[in-house]
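One structure is given below, encoded as structure tokens.
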Amino acid sequence: MAIRLLAYVVIDTADVEAWRAYGERVLGMQATEREGDLRLRMDERPFRMLIRKSDGERFHAAGLVYPDKAAFDRGIAGLRDAGVAVEPASEAEAKDRHVVEFVRCIDPSGNRLEIGWGRVVDGAPFVSPAGVSEFVTGEMGMGHVVFPATKLAETRAFYVELLGFGDSDEMRVYMQGGPDDPGLGMHFLHCDNPRHHTVALAEFPVPSGLVHMMVEVPGLDDVGRALDRAKAANVHISSSLGRHMNDKMVSFYMRTPGGFDIEYGFGGIRPDWNSFTPTISIKEDEWGHQWDFGG
Ligand SMILES: [Fe+2]
């Protein structure tokens, strides 16, 4: 039984106020607060991004959920059988994350996961302070995360064999260039929803703990307005607008206060996994996405 979706992310920061301003004014998410932490709302769920006061900038964990308790119990038993250290969270912690139950574990490359079940909704409407029409979430989950995975093959096997993910695409990126560059591998993996990839793995280390995360909006105007807001707030634009080869997403990338990037896009394809054949892309983009690693 596969993971259903990416429910939330947890980020540690020394500067909650920078994240609040960024979350509201640039991302267009709705900030709420409880016990000093910042929560950013994207839809009917009480939060999608939990930003915790800490002593530094670090992506803490991705919150993946199973559709129900039976699937969760089978999944966690499978992790334990495979020798993965699984630490159950307390009831209070589960309440804090707005799930019924969750466990903590670490993938073979060191990325932290919170794996749970249960969708708690509070009935409050999502109101974007920046006028974002809506975020594409629901059964698609909140978006995707791209993890650093220096143990690439082992980490892919963890998601595929233990958490029920499937291959969507793989590619090699050539960051040094030249004929001797062996390139670095990337795997794009889907779980049990139509989003092209919910977790992707990149074969290089990243100090912030995350390569990027992606949020999706319904149309080009919402992406364009986000780009205007980012530029107005002097946010570093890490990549210009472009369309990816593999998921066809039209997006741009911008730096977060956490040091990693957020991809803000629309128009990702929603494959039918029963008739889908995984691709091996030899090019990253159909057009655009010019990178600027400075800033
Ligand atoms: Fe992405």
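Whatever order the structure lists ligands and atoms in, that order sets their numbers, starting from 1. If you're wondering where the values come from, they're calculated on a predicted model, not measured in any experiment.
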Just grab all the salt bridge (Lys or Arg N to Asp or Glu O under 4.0 Å) pairs involving residues 257-284, residues at least two apart or on different chains. Arg255-Asp261

With a cut-off of 2.8 Å, does any N, O or S atom of Glu263 fall short of it relative to the Fe ion (ligand 1)? yes

Report the relative orientation of the aromatic rings in Tyr8 and Phe47; use parallel for angles under 30°, tilted for 30 to 60°, perpendicular for over 60°. tilted

Aromatic rings His196 and Trp273: how do their planes relate, parallel, tilted or perpendicular, breaks at 30° and 60°? tilted

Taking 2.8 Å as the cut-off, does an N/O/S atom of His212 lie below it from the Fe ion (ligand 1)? yes

Classify the side-chain pair Ser251/His289 by whether it contains a donor and acceptor separated by less than 3.5 Å. yes

Examine His144 and say whether one of its N/O/S atoms is closer to the Fe ion (ligand 1) than 2.8 Å. yes

